Protein chains: 2
Amino acid sequence: MNEKPHLSCPLAKVALLLSDTWTMRIIHTLLHESQRFCELERSLVGISTRTLTLKLQKLIEEEVVVKNDSVYELTSKGKKLKGVLSAMEKFGASA
Amino acid sequence: MNEKPHLSCPLAKVALLLSDTWTMRIIHTLLHESQRFCELERSLVGISTRTLTLKLQKLIEEEVVVKNDSVYELTSKGKKLKGVLSAMEKFGASA
DNA sequence: CAGGATCCCGCGGGATACTG
DNA sequence: CAGTATCCCGCGGGATCCTG
């Protein structure tokens with residue numbers, strides 16, 4: 001395999017976007033309020049500079065996040081992830 | 001870091017459970033109907049035997065999936081993931 | 001503060017072959 | 001069919017140091 005093709009399934013695309021340890025947690029943090037790099041670093045205990053940099057870059061590419069004057073915030077697309085996040089939290093709480 | 005501790009945040013736990021390429025897609029497939037190993041293999045184009053085996057084991061451990069007579073199906077806990085899945089699909093479709 | 005550059009390890013995961 | 005066993009590669013991601 002390894003085509004990363006016209007993923008017929010929209011779920012597969014989203015899964016690919018979100019399938020890592022940090023992405024959803026970054027979005028979670030940004031959902032509360034825009035944050036600077038070092039603030040994110042402090043909120044996300046355990047994340048490395050490198051990883052945070054990489055994830056933010058990817059999220060910017062995907063237009064989920066924008067950066068203005070060293071401040072990161074969710075785009076309107078990014079805010080739509082709130083539904084996913086709430087669902088995950090709800091599951092996490094109930095299970 | 002690397003404690004995998006009393007993750008205070010329920011989101012972090014869920015993120016950890018779901019953060020990989022295949023898990024959500026397996027659940028997606030099982031949500032439609034219970035399936036046998038080879039059926040899952042066929043549905044999940046590109047997955048390797050090994051990976052499918054490993055993911056199913058993990059999901060069984062987490063009590064998201066049960067296995068009866070070589071047939072895999074979601075537990076009631078697993079079915080609760082439908083909310084997460086719908087949210088992801090909705091996002092994927094809108095974005 | 002905001003990252004980029006390096007180094008490096010371990011895990012995710014594919015390919016293939018084999019067994020009950 | 002339903003997996004298990006091996007082999008192996010690449011990426012995720014931590015640690016550390018460096019710069020504007």
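On a predicted model such as this, the values are computed, not experimentally measured, just so you know. By convention in this document, chain letters (A, B, ...) are assigned in the order of the sequence lines, proteins followed by strands, and residues within each chain are numbered from 1.
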Matching residue for Tyr72(B) among Leu59(B), Val66(B), Ile60(B) - test: side-chain contact (heavy atoms from CB on, under 4.5 Å): Ile60(B)
Side chain of Arg36(B), heavy atoms from C-beta onward: which of dG4(C), dC1(D), dG14(C) has the nearest atom to it? dC1(D)
Any chance you could lay out the side chain to side chain contact (heavy atoms under 4.5 Å, CB included) test for Gln57(A) and Leu54(A), step after step, and finish with the verdict? CA-CA 5 Å; Gln57(A) 279 171 4; Leu54(A) 292 177; 3.9 Å; yes
Is it the case that the side chain of Lys55(A) and the backbone of Thr21(A) share a donor-acceptor pair, with hydrogens and angles ignored and the cut-off at 3.5 Å? no
The criterion is side chain to side chain donor-acceptor pair (under 3.5 Å); which residues satisfy it with Glu89(A), sequence neighbours excluded? His28(A)
Return no unless some side-chain N or O of Thr21(A) is found under 4.0 Å from OP1 or OP2 of dG13(D). yes
Round to a whole Å and report the spacing from CZ of Phe37(B) to P of dC1(D). 11 Å
Rounded to whole Å, CG of Asp20(A) lies from C1' of dC11(D) at a distance of 12 Å
Using a 3.5 Å distance criterion without hydrogens, assess whether the side chain of Thr75(B) forms a donor-acceptor pair with backbone atoms of Glu63(B). yes
Spacing between Leu44(B) atom CG and dG14(C) atom P, to the nearest angstrom: 11 Å
Which is true for Ser48(B) with a 4.0 Å heavy-atom rule: it touches a base, it touches only sugar-phosphate, or it touches nothing? base
Double-helix bend of the helix from dC1(C)-dG20(D) to dG20(C)-dC1(D), axes at both ends from 5 pairs, round to 10°, gives 40°
Heavy-atom pair of closest approach, residues Leu18(B) and Thr23(B): CD2-CG2, 4.1 Å
What is the distance, rounded to the nearest whole Å, between atom CZ of Arg50(A) and atom P of dA15(D)? 12 Å
Check Met24(B) against Leu11(A) and note the closest heavy-atom contact, atom names and distance. O-CD2, 3.9 Å
In whole Å, what is the span from the CG atom of Leu54(A) to the C1' atom of dA2(C)? 14 Å
With distance as the sole test, does Asp20(B) use its side chain to make a donor-acceptor pair with the main-chain N or O of Trp22(B) at under 3.5 Å? yes
Give the rounded distance in Å between these two atoms: CH2 of Trp22(A) and C1' of dC11(D). 17 Å
Go through residues 55-74 of chain B and report each residue with a non-hydrogen atom lying under 4.0 Å from DNA chain D, sorted by number. Gln57(B), Lys67(B), Ser70(B), Tyr72(B)
From C-beta outward on Thr51(B), which listed nucleotide comes closest to its side chain: dA2(D), dC1(C), dG13(C)? dG13(C)
Rounded to whole Å, the CG-C1' distance (Leu40(A) to dA2(C)) equals 12 Å
Whole-Å distance separating the CD atom of Glu41(B) from the P atom of dA2(D): 9 Å
Verify same cluster id: Leu31(B), Leu56(B) (apolar side-chain graph, 4.5 Å): yes
